[in-house]
**Student:** 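Sending over a structure as structure tokens; questions will come in a sec.
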Number of protein chains: 4
Amino acid sequence: MPGRPRDTSRDAVIFDATLELLTGVGYDKLSMDSIAAMAGVGKATIYRRYSGKAALVAAAVDHRAGATPPAVEAADLRGALLEIVRWLAREIAEQEIGLLGALFAGMRGDPDLAAAMRRIAHRDQAAMTRQPLDDGLLDPRGAALFAEIVPAMVVHRLVIVGEPCDERFLEHLVDDILLRLLKEGSRP
Amino acid sequence: MPGRPRDTSRDAVIFDATLELLTGVGYDKLSMDSIAAMAGVGKATIYRRYSGKAALVAAAVDHRAGATPPAVEAADLRGALLEIVRWLAREIAEQEIGLLGALFAGMRGDPDLAAAMRRIAHRDQAAMTRQPLDDGLLDPRGAALFAEIVPAMVVHRLVIVGEPCDERFLEHLVDDILLRLLKEGSRP
Amino acid sequence: MPGRPRDTSRDAVIFDATLELLTGVGYDKLSMDSIAAMAGVGKATIYRRYSGKAALVAAAVDHRAGATPPAVEAADLRGALLEIVRWLAREIAEQEIGLLGALFAGMRGDPDLAAAMRRIAHRDQAAMTRQPLDDGLLDPRGAALFAEIVPAMVVHRLVIVGEPCDERFLEHLVDDILLRLLKEGSRP
Amino acid sequence: MPGRPRDTSRDAVIFDATLELLTGVGYDKLSMDSIAAMAGVGKATIYRRYSGKAALVAAAVDHRAGATPPAVEAADLRGALLEIVRWLAREIAEQEIGLLGALFAGMRGDPDLAAAMRRIAHRDQAAMTRQPLDDGLLDPRGAALFAEIVPAMVVHRLVIVGEPCDERFLEHLVDDILLRLLKEGSRP
DNA sequence: AAATAACCGAGACGGTACGTCAAGTCTTGAG
DNA sequence: CTCAAGACTTGACGTACCGTCTCGGTTATTT
């Protein structure tokens with residue numbers, strides 16, 4: 001099949017422009033024209049790669065987030081949990097808020113896209129608890145509980161409550177909720 | 001010297017049209033023109049009352065939700081929690097999903113509006129646990145924990161996970177998380 | 001017929017505001033709201049008197065123009081013609097341009113109103129040449145020619161050519177057109 | 001590096017729709033939305049070409065009128081004048097009335113546009129008298145007088161007097177005004 | 001080497017919705 | 001019944017964005 005191959009260097013500049021504008025003005029003030037202009041790219045080049053704004057934002061967030069695995073250092077359960085929770089809170093605050101906007105906007109019209117974005121949002125959660133699981137700090141039931149509660153409360157804190165996930169909140173989350181549920185779960 | 005007073009009957013038809021279209025087509029396919037047309041109202045009449053789509057949706061959801069107090073019947077803690085959780089899940093699924101869309105869309109550009117919408121989202125949560133508190137089924141610390149965890153997990157379930165809050169999920173929420181945290185809290 | 005009588009002092013302030021705004025911003029940037037506001041009058045008070053913007057402007061121009069009869073002093077034909085032409089040019093430039101805008105805007109939708117405005121535009125023209133007629137400076141045929149040519153050329157100069165009716169133009173009009181036609185007409 | 005060039009076929013359909021609606025409903029009932037709809041064109045395509053309704057109408061009238069040169073057949077002065085006057089009266093009645101509406105509406109806010117419209121209104125008038133000039137039927141002074149008087153009286157007749165330029169009026173214009181002025185001018 | 005075919009930046013295209021503004025009508029409370 | 005104030009419906013305005021299409025021009029592969 002002949003023809004000029006896609007210029008892969010375009011992907012990077014498109015992602016950069018998308019993420020910069022996304023964090024700058026928010027999802028719904030984000031326009032494809034402005035992304036194309038900032039990236040120095042034709043709109044067709046974007047639409048050749050992504051089906052629309054929601055898909056582009058999903059891909060951009062996926063790309064950026066994919067580069068950051070956690071890497072836990074603490075050896076005790078509380079320390080490990082705090083590290084993971086800190087990383088997740090920062091990740092969501094910085095990147096995935098935009099993804100959530102895309103999710104809201106796109107999920108009605110395109111269920112497949114919504115499913116893809118949900119996969120992105122979930123993807124790290126499995127990897128996140130792998131190390132504590134391997135170290136024996138966490139059992140599978142505890143890991144599931146963690147994955148169910150922590151993202152929910154972090155997102156709720158940021159979006160609904162509208163306050164940052166500061167250290168105080170994260171310690172409260174770990175000490176008053178997670179540790180008590182996990183300890184409770186380990187009793188006979 | 002005041003002129004013609006606002007026709008309060010217009011508020012009702014505007015809210016009705018807004019909510020019907022909101023649940024029908026979703027927040028971002030919702031157009032001011034279609035609301036005005038369905039309500040039989042000029043756009044200026046809407047913009048005289050609300051600064052934009054986000055503010056209108058917030059007011060409409062506020063209006064509709066305000067009419068619904070919980071009213072718990074069960075006398076035991078588990079039953080009471082289940083009732084409240086069921087009501088909240090239904091409320092969020094039916095009404096506040098639209099509000100969340102508005103929140104995402106509007107919160108960057110208008111922090112005051114975002115704050116107002118957060119107040120709306122929070123408003124019922126205090127009243128929600130009042131009866132169990134009065135009945136002695138819940139202590140203040142437990143009520144705070146409830147208000148912190150339940151909305152977060154319900155919203156997360158609906159938006160991020162993308163699955164409905166069915167009875168199975170709600171019982172899991174009550175039995176595996178809430179009750180264990182609340183029992184734990186009552187120990188020495 | 002009982003009821004509060006119309007406050008005739010309102011007519012004056014409405015006319016004043018109308019004419020001031022008309023000369024200030026032109027016919028089509030003239031809004032009923034701004035007239036009402038400047039006049040310190042409710043819009044209903046205007047619409048109770050005039051059927052719409054075009055009718056109001058016509059009445060205002062009629063009112064203002066009606067107060068100004070010509071009063072020719074010169075005893076020779078050329079001097080008399082120049083005086084009349086000067087007055088008419090000033091009158092049209094200052095007032096009736098607005099009326100012409102109203103005429104254009106309103107004539108399609110309301111032929112009766114258009115007829116009324118044409119009557120206004122014509123009204124002075126009969127009176128204008130009365131004195132020269134009485135003095136024997138002009139015969140009826142000459143007066144008719146005058147009334148047919150002068151307003152046409154003044155309006156054309158102002159609107160189509162877009163230049164002011166300065167003394168040079170007016171003398172050209174009198175010397176090169178009017179006087180030659182009138183002299184010609186008086187020959188055997 | 002230029003992008004996609006303007007589709008010049010869009011100009012034609014826009015002009016057609018504009019002129020059809022203009023003659024149908026008149027200048028001020030003419031809406032950009034209806035033009036766009038009838039032309040099967042997005043509003044942006046119109047606004048990309050013309051700054052507003054007045055500019056569009058000016059361009060449309062210019063376009064349509066530009067295609068029509070006079071072509072005089074008569075060999076005597078009276079016949080030639082009548083032919084030209086007839087053509088001009090028809091032209092103004094059919095096309096330029098709309099342009100005059102645009103001129104009134106737009107000339108306050110945009111003097112450049114007003115100047116352009118005046119150029120359009122004047123454009124044919126030079127060419128109009130070229131043939132009689134070449135044939136020696138008219139001298140330059142007579143041609144200037146013609147161009148000054150005839151359009152003025154035709155417009156005045158149509159707009160202010162509100163009557164059509166029928167044959168009777170045109171002969172009056174030629175016999176009682178033009179010919180007498182032109183003959184007068186040729187005497188010693 | 002030439003032809004082919006998909007790519008690229010740029011930007012015009014048909015649409016849809018936005019939020020504003022004006023026209024003319026209606027509704028207060030006061031006189 | 002009139003007044004000032006101002007809310008009402010209607011409908012056009014000009015702007016912004018979407019996702020598509022069309023230019024002239026640029027690479028790679030395939031003949």
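All of these numbers come straight from a predicted model, not from anything done at the bench. A, B, ... follow the sequence lines: proteins, then strands. Residue 1 opens every chain. Reckoned from all heavy atoms, side chains included, excluding hydrogens, waters and symmetry mates.
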**Student:** Which residue lies toward the 5' end of DNA chain F, Gly52(D) or Ala44(B), if each is placed at its nearest nucleotide?
**Tutor:** Ala44(B)
**Student:** Assign each of Arg48(D) and Pro5(C) to its nearest nucleotide of DNA chain F by heavy atoms, then name whichever residue's nucleotide is nearer the 5' end.
**Tutor:** Pro5(C)
**Student:** Heavy atoms only: give me the nearest Tyr50(C)-Asp11(C) pair and the separation to one decimal.
**Tutor:** OH-OD1, 3.6 Å
**Student:** Rounded to whole Å, please give me the gap between CG in Asp110(A) and C1' in dG19(F).
**Tutor:** 14 Å
**Student:** Output side-chain donor-acceptor pairs under 3.5 Å for residues 40-47 of chain B, partner residues at least two apart or in another chain, one line each.
**Tutor:**
none

**Student:** Let's see if you get this right: which residues in residues 13-31 of chain C place a heavy atom under 4.0 Å from DNA chain E?
**Tutor:** Leu30(C), Ser31(C)
**Student:** Which residues satisfy the side-chain contact (heavy atoms from CB on, under 4.5 Å) test with Ser31(A), sequence neighbours excluded?
**Tutor:** Asp33(A), Ser34(A)
**Student:** Does Lys43(C) contact dG24(E) through a side-chain donor or acceptor facing the base, at a distance under 3.5 Å?
**Tutor:** yes
**Student:** Within the structure provided, determine whether Met38(B) and Ile35(B) are in side-chain contact (heavy-atom separation under 4.5 Å).
**Tutor:** no
**Student:** Between dT26(F) atom C1' and Arg10(A) atom CZ, what is the distance in whole Å?
**Tutor:** 13 Å
**Student:** In whole angstrom, give the distance that lies between atom NZ of Lys53(C) and atom C1' of dA22(E).
**Tutor:** 8 Å
**Student:** Specify the closest pair of heavy atoms between Lys53(C) and Tyr27(C), including all atoms of both residues, with the distance to one decimal.
**Tutor:** NZ-O, 3.2 Å
**Student:** Quick one: closest heavy-atom pair of Arg49(D) and Asp7(D), and the distance?
**Tutor:** NH2-O, 2.9 Å
**Student:** Please give, in whole Å, the distance from dG19(E) C1' to Leu56(B) CG?
**Tutor:** 14 Å
**Student:** Would you please confirm or rule out a distance under 4.0 Å between OP1 or OP2 of dG9(E) and any side-chain N or O of Thr45(A)?
**Tutor:** yes
**Student:** Mind calculating the distance between CG (Asp7(D)) and P (dC23(F)) to the nearest angstrom?
**Tutor:** 8 Å
**Student:** Check whether any side-chain nitrogen or oxygen of Arg49(C) sits under 4.0 Å from OP1 or OP2 of dC3(F), and answer yes or no.
**Tutor:** yes
**Student:** At less than 4.0 Å, is any side-chain N or O atom of Arg6(D) found next to OP1 or OP2 of dT22(F)? Yes or no.
**Tutor:** no
**Student:** Measure CD1/Ile46(C) against P/dC26(E) and give the value in whole Å, please.
**Tutor:** 17 Å
**Student:** Which residues within residues 33-41 of chain C lie with some heavy atom under 4.0 Å of an atom in DNA chain F?
**Tutor:** Gly40(C), Val41(C)
**Student:** Could you say whether Met32(B) or Ser51(C) is positioned toward the 5' end of DNA chain E, judged by the nucleotide with the nearest heavy atom to each?
**Tutor:** Met32(B)
**Student:** Nearest to the side chain of Arg4(D), which nucleotide is it out of dC8(F), dC8(E), dT22(F)?
**Tutor:** dT22(F)
**Student:** Could you tell me whether the side chain of Asp16(B) reaches within less than 4.5 Å of the side chain of Arg64(B), counting heavy atoms only?
**Tutor:** yes
**Student:** Is the shortest side-chain heavy-atom distance between Thr23(D) and Glu94(D) below 4.5 Å?
**Tutor:** no
**Student:** Just list the side-chain donor-acceptor pairs under 3.5 Å for residues 109-120 of chain A, sequence neighbours left out, or say none.
**Tutor:**
from: Asp110(A); atom 1: OD1; to: Asp112(A); atom 2: N; distance (Å): 3.3
from: Asp110(A); atom 1: OD1; to: Leu113(A); atom 2: N; distance (Å): 3.1
from: Arg118(A); atom 1: NE; to: Val159(B); atom 2: O; distance (Å): 3.3
from: Arg118(A); atom 1: NE; to: Ile160(B); atom 2: O; distance (Å): 3.1
from: Arg118(A); atom 1: NH2; to: Val159(B); atom 2: O; distance (Å): 3.3

**Student:** Closest to the Tyr47(B) side chain: dT20(E), dC13(F), dC18(F)?
**Tutor:** dT20(E)
**Student:** Could you work out, with salt bridge (charged side-chain N to carboxylate O under 4.0 Å, His left out) as the rule, every residue matching Arg48(A), not counting sequence neighbours?
**Tutor:** none
